[in-house]
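First the structure, in the form of C-alpha cells, and then the observations on it.
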Amino acid sequence: MIDFAEMLDGYRRFRETGWAQQRERWDELNEGQSPRVMVIACSDSRVDPAQIFDTSPGEIFVVRNVAALVPPFETNPGRHGVSAALEFAVQVLKVGEIVVMGHGKCGGCKAALSHDLKDAPPGEGGFIHSWIELLDSARDVVVRQYGERRDRDVERAMEQEGVKVSLANLRTFPCVRAKERSGELKLVGSFFAIADGQLHILNEDSGAFSPA
C-alpha cells in the first residue's frame, strides 16, 4: 500500500508521461468536458471505473459513494450530493448513458444485509447505516429468498439487488424518466466481480446478470 509521498512520485511520473504525451488532449479538456457516459460506482478502492473500463481523462463522468447508491428523488432541504451530480450530468452535460456499477465483496452491501451498524451513533457507523438504509428493499428481497444464510452467494445477491435499487431510484427523477422515455438516455446496470475481474451486465427483463 502506498502513502501520500509515494503518490507524489506517481504524480511526477504522470506529469512526465501521461500529461506530457497527451498535451493536445489536455488542452482540449482545459476548454471543457463532454463525456457521453455517467458511471455511478462504489467508493471502494478496488473498483476504479476509469481503470476497469480503460478510459482516458474526460471520457466518463464518475460519482462514487458507499455501495454505488442513488437516493430517490426528493425535494426536502438538505445537501443532495448524488442528486446534484446526476442533475449536472443529465441536464448540463447531457450524457446519453448512465451506468450503475456494483461490485463483489462490497462492505456497504454486507453491512446493509447484516444490520451490524443499525444502532451506531453518527461518526461511529451511524452515517453509514443511515445511507445504506436505501438498501432495505434489496435486503427484503434477499432475506425472502435466502432466509438467515449469509454466505458468499447471499452477499452477491445483495450486491446485485443493490444495483437494481439504484436503477429504480434513478427513474424517480423526472429528468431521467423523460429522457429515457424519449430515447435520449439509456440506463445500464452492471456488476464487477473482484475475484475474477469479470464485468456482468443486467438484463432488466429477466433480472439476471450475465458476463459482458
Side-chain angles (χ1 to χ4, degrees), residues 1-71 79-109 131 159 162-163 166-167 169-171 173 175-176 179-180 182-202 209 211-212:
M1 299 298 106
I2 66 173
D3 58 19
F4 186 64
E6 292 169 304
M7 289 169 63
L8 286 177
D9 290 338
Y11 156 72
R12 295 182 184 102
R13 290 192 298 273
F14 159 74
R15 281 283 295 172
E16 293 169 2
T17 56
W19 189 84
Q21 292 175 9
Q22 297 188 65
R23 182 59 189 271
E24 185 176 330
R25 173 62 174 160
W26 284 103
D27 285 344
E28 292 174 4
L29 292 174
N30 186 47
E31 300 303 317
Q33 60 172 325
S34 55
R36 296 296 301 139
V37 181
M38 177 184 193
V39 179
I40 299 169
C42 185
S43 299
D44 193 299
S45 62
R46 300 167 291 181
V47 287
D48 178 4
Q51 183 178 35
I52 292 168
F53 293 108
D54 192 24
T55 58
S56 296
E59 291 184 331
I60 56 175
F61 183 76
V62 180
V63 172
R64 300 178 70 177
N65 62 57
V66 173
L69 291 175
V70 177
R79 293 181 170 87
H80 302 286
V82 176
S83 301
L86 173 64
E87 190 174 64
F88 183 73
V90 172
Q91 298 293 79
V92 180
L93 297 178
K94 301 186 185 305
V95 298
E97 295 177 291
I98 299 176
V99 178
V100 176
M101 187 178 75
H103 71 93
K105 303 296 181 69
C106 178
C109 289
W131 177 248
E159 292 153 1
V163 172
S166 285
L167 289 172
N169 286 346
L170 278 170
R171 293 185 172 109
F173 286 78
C175 60
V176 171
K179 287 179 178 285
E180 186 180 33
S182 68
E184 298 173 75
L185 183 65
K186 179 182 179 182
L187 305 187
V188 179
S190 65
F191 173 84
F192 178 74
I194 294 174
D196 60 10
Q198 180 74 60
L199 185 74
H200 301 255
I201 307 300
L202 173 64
F209 286 80

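Annotation for F173 and P71: closest pair CE1-O, 3.3 Å, computed over non-hydrogen atoms. Closest of all the heavy-atom pairs between I194 and G104 is CD1-O, 3.3 Å. The heavy-atom pair separating V100 from L170 by the smallest distance is CG2-CD1, 3.8 Å. Pairing each heavy atom of P57 with each of W26, the nearest pair is CG-CZ2, 3.5 Å. Annotation for A89 and M38: closest pair CB-SD, 3.5 Å, computed over non-hydrogen atoms. The heavy-atom pair separating P35 from L93 by the smallest distance is CG-CD1, 3.9 Å.
A distance of 8.5 Å separates CD1 of I40 from CG of L167, quoted to the nearest 0.5 Å. Put simply, CD1 on I52 and CE on M101 are 3.5 Å apart, with the number rounded to the nearest 0.5 Å. Distance CD/E97 to CD1/I60: 12.0 Å, rounded to 0.5 Å. With rounding to the nearest 0.5 angstrom, the CZ atom of R46 is 7.5 Å from the NZ atom of K105. Annotation: the span from D44 atom CG to R64 atom CZ amounts to 7.5 Å, rounded to 0.5 Å. Here CD of E59 is found 13.0 Å from CZ of R36. Values are rounded to the nearest 0.5 Å.
Put simply, the side chain of K94 gets close to the backbone of Q91: a donor and an acceptor are under 3.5 Å apart. Side-chain atoms of E180 do not come within 3.5 Å of backbone N or O of R171 as any donor-acceptor pair. With R12 contributing its side chain and M7 its backbone, the two residues share no donor-acceptor pair below 3.5 Å. No side-chain donor-acceptor contact under 3.5 Å links S190 to the backbone of I201.
Side chains of V90 and I98 form a contact here, defined as non-hydrogen atoms less than 4.5 Å apart. Counting only heavy atoms from C-beta outward, the side chains of V188 and V37 never approach each other to under 4.5 Å.
In this structure, E6 places its CD atom where more than 12 heavy-atom neighbours from other residues, nucleotides or ligands lie under 6.0 Å away. The number of heavy-atom neighbours closer than 6.0 Å to CZ of F14, taken from other residues, nucleotides and ligands shown, is above 12.
A salt bridge links R25 to E28: at least one charged side-chain nitrogen sits closer than 4.0 Å to a carboxylate oxygen. Ionic pairing of R23 and D27 is present here: one or more N-O contacts between side-chain nitrogen and carboxylate oxygen are shorter than 4.0 angstrom.
Relative ring orientation between F88 and F61 is described as tilted, the plane-to-plane angle lying within the 30° to 60° band.
Note that R15 lies in the cation-pi zone of W19, set by a 6.0 Å cut-off to the ring centre and a 45° limit from the axis.
With L69 as the fixed residue, the side-chain contact (heavy atoms from CB on, under 4.5 Å) test singles out one of C109, C42, S166: S166.
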